[in-house]
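Atoms within a ligand are numbered from 1 in the order they appear, just like the ligands themselves.
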Amino acid sequence: MQKTAEAYSKLMILSLIFFIGCVSEQSEEKKGLKDFSSFPIGGAVEIRQVLQDTALEAIIFENFTSITATSDMKMYAIAPEEGNYKWDRADSLVAFSQRNDLRLFGHTLVWHSGTPRWVFQKGTEDSLWLGDFLKTYIQDYVGRYKGKVAAWDVVNEGFDTQGGEYRKTLWYNKLGKEYIANAFRYAHEADPEADLFYNDFNLERDTAKLNGVLKMIEELKADDVPITGLGVQMHLRMDIPDSLIRESVRKMAATGLKIHFSELDIIFNTHDDTRGGGEQLYSSVTPKMLEQQAQKYEMVAKIYREEVPVSQQFGITFWDFTDRDTWINPFFDLKDWPTIYDEKLEPKPAYFGFRKGLSE
Ligand code: XIL
């Protein structure tokens, strides 16, 4: 009888140990990217979609500490017509970020592609008006969300697609390169606590473009313009050499600014940045390709950790994080697999590669 009781209690203890083991393994599995990272990890979202898609929401809560709006906070969304701001989506993003304790990144105040047609038309005719509008728009917008939007891409893509010259946009043509310094000043006046970024693409691969941007940053700093961050979009392609990326990131970090990998994704195919449209090199994705992509994601996280000093690590943001929703396919008319989750919202090897790069 005693023997049976002993055996029974042994069994109970063993079951308990097994149970505790399972639970801790489960919670281990439940850990997301944010739990492996010492700096913020973010994702780009469209608020109406997130509010309707619990699977997407679950991915966000599991992995991210920061969110950026893909398009809800661009000028054409906020000022779609003269005399009327449309705040509903930005308000909704702010509420979502606060409810869920996520950092909200503001993308973007001034961008040639984000400029609504009416601003383009009016601004083309009247430079004085355009200068006033820039000021009022930024102050109204940044002021409204003071303390709620942690940081802004103040100017996006102010340099030519290739090479090191300023992009000849409406803003540049009518206001001169001073539009950039002014935009930073207006934003800083409206929210002195917010981090203010200049953001652009291909800086990791186009040395002439990077040098042009670095020169601008030097000039802005010399003029006491309140710039605190540099965003590099990081729309990567599998064949961009790691050594070139590393070297470029090192130069970015040498500015002393906070560095944001602001729109990370990695394509297999290629696209022509100057023309738009893509070239379909691969019609399907193989396990080997996915493994290579995982290694690239791992390397990106490692380069960030190794080249950006801790005090400058603003974070890494994925630009869409599922192959189902990626902007690449519709935008470049391609079929690609650039993100960390697949079309069924399962984590890809890329997810685990990136996670490894965050912590090893
Ligand atoms: C893209 C969005 O993801 C698309 O949904 C939209 O149609 C066009 O803009 N660089 C940027 C982002 O700074 O704002 C762009 O976002 C992608 C390239």
Please find out if less than 6.0 Å separates the ring center of His260 from that of Phe105. yes

Give the residues near ligand 1 by chain and number, with the criterion being a heavy-atom distance under 4.0 Å. Ser71, Lys74, His107, Trp111, Asn156, Glu157, Gln233, His235, Glu263, Trp319, Trp327, Phe331

Does the ring of Tyr351 carry Lys348 above it, NZ/CZ under 6.0 angstrom from centre and within 45° of its axis? no

May I ask you to check whether over 12 heavy atoms, not counting those of Gln280, lie within 6.0 Å of atom CD? yes

Kindly write out the residues that satisfy side-chain contact (heavy atoms from CB on, under 4.5 Å) with Glu219, not counting sequence neighbours, or none if the list is empty. Tyr166, Lys177, Lys215

Cation-pi, Phe201 ring and Lys209 (6.0 angstrom, 45 degrees): yes

Inter-residue atom distance Leu128.CG - Leu130.CG, 0.5 Å rounding: 9.5 Å

